[in-house]
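Structure, as structure tokens:
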There are 2 protein chains.
Amino acid sequence: MKLSQRGEYALRALLVLGMNHGSGVVRIRDIAQQQNIPRRFLEQILNDLKSAGFVLSKRGVAGGYRLQRGPNEISLADIIRHLEGPLAPVGCVSVNYYQRCSCPDEGKCAIRSVMQEVRDAIVGVLEGVSVAHLCDRVRDLQGPLENPLDYII
Amino acid sequence: MKLSQRGEYALRALLVLGMNHGSGVVRIRDIAQQQNIPRRFLEQILNDLKSAGFVLSKRGVAGGYRLQRGPNEISLADIIRHLEGPLAPVGCVSVNYYQRCSCPDEGKCAIRSVMQEVRDAIVGVLEGVSVAHLCDRVRDLQGPLENPLDYII
DNA sequence: TAGAATCTCGACCTATTTAGTCAAGTATCG
DNA sequence: CGATACTTGACTAAATAGGTCGAGATTCTA
């Protein structure tokens, strides 16, 4: 699992939305400025997150984005799977994006058995962390601040 | 960490060499045929593994490749790091290929702290498995065979 | 010692992915 | 109405992936 720039931006944006959950929508522009993400690129990313059902948008003057589900219902595994595809290092051990490989017998493939362990290790971490957990970590690391937009993400 | 085709070929080739360790060299052609790897591509890969110090070669009629060090001295982490670069999902948590990211304070970055855990999980598995371990797994999975080249890898 | 077998080295190629940019359109608020 | 924001789809440049190829250098063996 390698996190692309796009993926990192998406996580940061979702984390901002998580920190602001319950207080209306946040504008693309604000996220982009605060997180130093190219605005046009972020538009594209948020749009993608919207069609995937992670966020909702509101158009017009007081428009912006917010999380569609509660922050505790969105795991990093879900997000990254949507953005980057398989979490597994090879397709033949991926549960959600399985792809047969060329070896004659998967059950007897030693490399596969190791990659299986790697996959389980990765998934074990990422399934266990939700956006809400991330928000908790932010507050733990930085202490409670007045304005949610002031948090460094 | 995503394993490319090239990386998978390299692992398979090294595993073949591991299974044949102690009994001279193995020709590129044999590995390529047996593992169904494009020969020219495998040449390139083995050459790379040679300059990285994983294998030795012998030229001429009875030429071929063998492992440079003992199979128990080569960890998958070493191999994959050489082939694919960082094991970590993002540069800012990589020990061997560290790269600063754009966030203002790494110590307070929640995403980074999760990615750190992911990295540790991946490295934990891959540091613990050597080529010798892989060979053991092959034998465990397939039972002992006469000819090392008959093992399915 | 010629010739066949084998590795060696670097250049080359094509398709896909990554990281963006941009213009024109649509909805919403005051 | 008009300003503000999201929406949609097309477009682009650079890097990476997955190979291929030709010509050269070694080594064995007859």
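Order of the sequence lines sets the chain letters (A, B, ...), proteins ahead of strands, with each chain counted from 1. All values derive from a computational prediction rather than experimental measurement.
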Practice item. May I have the distance from A:I31 (atom CD1) to D:dC6 (atom C1'), rounded to whole angstrom? Key: 12 Å
Point to revise | 5′-ward residue of the pair A:K58/A:G7 relative to DNA chain C | key: A:G7
Point to revise | Rounded distance in Å - CG (B:N47) to C1' (D:dT20) | key: 15 Å
Practice item. Could you work out which one of D:dT27, D:dT4, D:dG19 sits closest to the side chain of B:F41? Key: D:dG19
Practice item. Please check if the side chain of A:D78 supplies one atom and the backbone of A:I74 the other of a donor-acceptor pair under 3.5 Å. Key: no
Exercise for review: Figure out the CD/C1' separation between A:E43 and D:dT4, and round it to whole Å.
Suggested key: 13 Å
Practice item. Using a 4.0 Å heavy-atom cut-off across all strands, classify B:L46 as base, sugar-phosphate, or nothing. Key: nothing
Exercise for review: Please report, rounded to the nearest Å, how far the P atom of D:dG9 is from the NZ atom of A:K50.
Suggested key: 12 Å
**Study point:** Flag, side chain of B:H21 to backbone of B:G18, donor-acceptor distance under 3.5 Å
**Key:** no
Practice item. Please state how far atom CZ in A:R29 lies from atom P in D:dA3, giving the value in whole angstrom units. Key: 14 Å
Exercise for review: Could you check which of D:dA3, D:dT7, D:dC28 has an atom nearest any side-chain atom of A:Y65?
Suggested key: D:dT7
Review point. When you match A:R39 and A:R59 each to their closest nucleotide on DNA chain C, which lands nearer the 5' end?
Key: A:R39
Check your understanding: Does a side-chain N-to-carboxylate-O contact under 4.0 Å join B:E8 and A:R112?
Key -> no
Review point. Touch check for A:G63, heavy atoms < 4.0 angstrom, all strands: base, sugar-phosphate only, or nothing?
Key: sugar-phosphate
Practice item. Quickly, which of B:L134, B:I31, B:L67 forms a side chain to side chain contact (heavy atoms under 4.5 Å, CB included) with B:L14? Name it, please. Key: B:L67
Review point. Rounded to whole angstrom units, what separation is found between the NZ atom of B:K2 and the C1' atom of D:dT16?
Key: 12 Å
Practice item. Under 4.0 Å between any heavy atoms, over every strand shown, what does A:R6 touch: base, sugar-phosphate, or nothing? Just pick one. Key: sugar-phosphate
Practice item. Could you tell me from which nucleotide to which nucleotide of DNA chain C, 5' to 3', there is an atom under 4.0 Å from chain A heavy atoms? Key: C:dA19 to C:dC29
Exercise for review: Classify the side-chain pair B:Q99/B:S94 by whether it contains a donor and acceptor separated by less than 3.5 Å.
Suggested key: no
Check your understanding: In terms of side-chain heavy atoms of B:S4, which of D:dT8, D:dC28, D:dG18 is nearest?
Key -> D:dG18
Review point. Counting only heavy atoms not in B:N72, do more than 12 sit closer than 6.0 Å to its CG atom?
Key: yes
Review point. Out of D:dA5, D:dT8, D:dC28, which has the shortest distance to the side chain of B:A62?
Key: D:dC28
**Study point:** Residues A:R139, A:D136: salt bridge by 4.0 Å N-O rule
**Key:** yes
Point to revise | Length of the line joining A:Q44:CD and D:dG9:P, which is rounded to integer Å | key: 12 Å
**Study point:** Interatomic distance, A:Q33 CD vs D:dA5 P [rounded to whole Å]
**Key:** 11 Å
